[in-house]
Amino acid sequence: MTALDSTRAIVRDGKAQRILEVLNGVEPDCARFVGGCVRDALLKAPMGDIDIATKLLPDAIIAACEGAGIQTVPTGIRHGTITALVDGKGFEITTLRKDVATDGRHAVVAFTDDWHEDAARRDFTMNALYLDAEGTVLDPTGQGVEDAKAGNLVFVGDPDQRILEDHLRILRYFRFAARFSKGQLEGPALAACGRHAQAITELSVERVWQELKKILAAPDPRFALAAMAQSGVLSVVLPEATGTERFQNLVAIDTSAFLDPDPIQRLMALLPRDVGSVSAFSERLKLSKAESDRLKIWASDTTNLVSYLSARDVRKALYWMGNSLYRDRVRVAWADDNEPRRMTQWRTLLAFESGFVAPRFPIDGVQVIEAGARPGPAVGAILAEVERWWVDNDFIDDELSLIERLKAVVQALG
């Protein structure tokens with residue numbers, strides 16, 4: 001066990017410490033922080049949920065917490081997991097476990113009081129770490145701390161066995177690689193992922209999309225995606241992918257321009273801009289309606305976007321497309337261009353979006369009727385024609401010109 005200053009972020013969390021205090025009051029040092037929160041603390045990385053592992057059985061966890069006035073929810077009690085709520089913040093507490101049987105998707109577990117047995121069933125050495133209330137790290141595999149700091153993604157034990165236990169570990173391998181790897185993936189692990197790539201088809205598509213989206217959302221997933229392609233995993237997960245070079249360019253743009261990662265935009269870079277293709281992909285992986293609609297709108301838009309658009313044409317495009325679609329089209333088109341000499345032009349086009357507020361069209365249906373049009377479908381057609389003229393004239397605010405144009409269109413269509 002090693003005490004490290006970087007783990008103090010967890011130790012200083014009063015709510016988390018409150019749970020450890022309660023559980024360790026039943027049996028000394030029976031509860032420790034575990035997994036990703038320990039890894040992230042070691043790396044001084046942004047920390048997500050704080051999870052706790054304990055030798056106590058679920059009933060004893062519930063009794064200890066409720067005896068201390070801490071609400072519990074049996075979120076996964078069959079597998080030994082209880083969620084404890086401290087001032088509205090949830091902490092998963094799980095009894096130490098060992099696998100009895102696995103089928104690649106589900107595991108039958110038995111409870112244990114051995115930290116090493118619990119560590120042996122985890123996926124990667126950097127995730128098989130435990131931290132006590134004093135900030136001291138327990139590293140049962142003997143290499144978790146070292147691997148975390150070096151960015152080495154190493155399976156606990158035999159890679160093939162870990163993957164056969166849970167096929168999702170293939171995608172988790174690339175997700176963690178996208179986040180932590182420093183440019184080198186372990187040969188045996190990568191090879192094992194390739195050997196078992198077809199097993200991904202046995203997973204629920206919702207879980208596959210969730211993991212793929214997390215990979216795409218990493219600050220720089222270029223190396224991980226290239227490894228997925230090299231191993232054959234990408235062709236199983238995303239057979240529709242035709243734009244790997246465009247994807248690489250888009251991530252390079254994101255990092256060089258300090259733009260926030262957008263997993264849906266990165267997905268756009270990988271997919272062909274074809275409504276049929278994106279619709280089939282959305283249905284296959286059961287994307288949300290909002291995600292699916294965004295892809296379809298991007299794929300179906302016919303606006304001509306080039307790097308040398310004038311400011312007037314940019315305002316026109318932004319008005320008709322809306323900020324979100326414009327941003328998607330410009331960033332993906334920029335990645336598709338990949339001409340360094342035009343980088344400044346694309347950057348300028350993208351900058352337009354943040355400062356653009358669509359002006360309000362100053363004509364309404366009442367004014368159309370007052371101009372002599374008959375109530376009915378013609379009113380909408382007249383409004384649409386005048387609006388097109390107004391936008392084409394750079395949102396002209398000359399009231400006299402607008403009225404004259406309105407009268408002319410009413411005479412023609414009304």
Side-chain angles (χ1 to χ4, degrees), residues 10 13-41 47-133 137-138 140-141 144 156 162 165-169 171-172 175-176 203-204 206-207 210-211 214:
I10 302 180
D13 188 303
K15 296 176 182 178
Q17 279 286 12
R18 170 66 176 147
I19 294 178
L20 248 63
E21 178 185 339
V22 168
L23 298 179
N24 288 333
V26 177
E27 178 184 334
D29 197 31
C30 75
R32 294 169 179 163
F33 303 113
V34 64
C37 64
V38 183
R39 175 203 63 223
D40 291 344
M47 196 182 310
D49 296 334
I50 297 178
D51 295 330
I52 295 169
T54 180
K55 295 180 181 180
L56 297 181
L57 296 176
D59 288 346
I61 297 171
I62 294 171
C65 288
E66 293 187 348
I70 297 173
Q71 181 184 352
T72 61
V73 181
T75 45
I77 195 165
R78 286 183 56 195
H79 291 90
T81 300
I82 305 295
T83 297
L85 299 172
V86 180
D87 297 333
K89 183 176 181 179
F91 298 87
E92 282 196 356
I93 308 169
T94 303
T95 302
L96 301 185
R97 299 173 294 182
K98 59 182 178 180
D99 287 335
V100 175
T102 59
D103 64 4
R105 288 173 294 176
H106 309 287
V108 177
V109 299
F111 299 135
T112 180
D113 61 0
D114 189 322
W115 298 99
H116 288 77
E117 283 188 328
D118 187 76
R121 69 177 301 276
R122 296 183 179 272
D123 48 13
F124 308 110
T125 56
M126 65 170 62
N127 293 337
L129 297 171
Y130 306 81
L131 180 74
D132 70 13
V137 175
L138 172 66
T141 69
V156 175
R162 294 285 81 77
E165 291 167 352
D166 184 353
H167 304 327
L168 193 67
R169 285 173 174 164
L171 294 178
R172 284 172 59 83
R175 170 157 66 92
F176 286 116
L203 298 168
S204 73
E206 292 89 347
R207 295 180 78 191
Q210 183 182 49
E211 289 296 320
K214 289 177 180 177

Inset, instruction - Could you walk me through whether Phe124 and Arg39 pass the side-chain contact (heavy atoms from CB on, under 4.5 Å) test, one step at a time? - result: CA-CA 11 Å; Phe124 308 110; Arg39 175 203 63 223; over 6 Å; no
Inset, instruction - Begin from the C-alpha positions of Arg162 and Asp123 and carry the test side-chain contact (heavy atoms from CB on, under 4.5 Å) through to its verdict. - result: CA-CA 7 Å; Arg162 294 285 81 77; Asp123 48 13; 5.6 Å; no
Inset, instruction - Start with the C-alpha distance between Leu168 and Glu211, add both sets of side-chain angles, then the distance that settles side-chain contact (heavy atoms from CB on, under 4.5 Å), and finish with yes or no. - result: CA-CA 8 Å; Leu168 193 67; Glu211 289 296 320; 3.7 Å; yes
Legend entry - CA sep, side-chain torsions, deciding dist, call: Lys89, Asp13, salt bridge (charged side-chain N to carboxylate O under 4.0 Å, His left out): CA-CA 11 Å; Lys89 183 176 181 179; Asp13 188 303; 3.0 Å; yes
Inset, instruction - Apply the test side-chain contact (heavy atoms from CB on, under 4.5 Å) to residues Val109 and Arg121: give CA-CA distance (whole Å), side-chain angles for both, the deciding distance (0.1 Å), then the verdict. - result: CA-CA 10 Å; Val109 299; Arg121 69 177 301 276; 3.8 Å; yes
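Between the side chain of Asn24 and the backbone N or O of Cys30, at least one donor-acceptor pair lies under 3.5 Å. Not a single donor-acceptor pair under 3.5 Å links the side chain of Asp113 to the backbone N or O of Lys55. At distances below 3.5 Å, at least one donor-acceptor pair connects side-chain atoms of Tyr130 with backbone N or O atoms of Ala119. Put simply, the side chain of Arg122 never gets that close to the backbone of Val156: no donor and acceptor are under 3.5 Å apart. No donor-acceptor distance shorter than 3.5 angstrom exists from the side chain of Asp49 to the backbone of Asp51, with no hydrogens or angles considered.
The CG atom of Leu129 lies 12.0 Å from the CZ atom of Arg32; values are rounded to the nearest 0.5 Å. With rounding to the nearest 0.5 Å, the separation of CG in Asp118 from CG in Leu138 is 10.0 Å. Separating the OG atom in Ser204 from the CD atom in Gln210 is a distance of 8.5 Å, to the nearest 0.5 Å. Rounded to the nearest 0.5 angstrom, Ile62 CD1 and Ile82 CD1 are separated by 4.0 Å. Here the CD1 atom belonging to Ile50 is positioned 12.5 Å from the CD atom belonging to Glu92, to the nearest 0.5 angstrom. Rounding to the nearest 0.5 angstrom, the gap separating the CG atom in Leu56 from the OG1 atom in Thr94 is 12.0 Å.
What you find for Val22 and Ala64 is that their closest heavy atoms are CG1-O, 3.3 Å. Counting all heavy atoms, side chain and backbone alike, Cys65 lies closest to Ala84 at SG-CB, 4.3 Å.
Residue Gln71 qualifies as open at atom CD: its count of foreign heavy atoms under 6.0 Å is 12 or below. Heavy atoms of other residues, nucleotides or ligands lying less than 6.0 angstrom from NZ of Lys98 number 12 at most.
Scored by the side chain to side chain donor-acceptor pair (under 3.5 Å) test, Arg18 finds no partners at all (sequence neighbours excluded). Scanning for side chain to side chain donor-acceptor pair (under 3.5 Å) contacts around Thr95 gives an empty result, with sequence neighbours left out.
Among Thr81, Ile61, Val34, Thr83, the single residue meeting the side chain to side chain contact (heavy atoms under 4.5 Å, CB included) criterion with Ile93 is Ile61.
Among residues at least two apart or in separate chains, side-chain hydrogen bond (donor to acceptor under 3.5 Å, both in side chains) pairs with a member in residues 59-68 are Glu66-Thr72.
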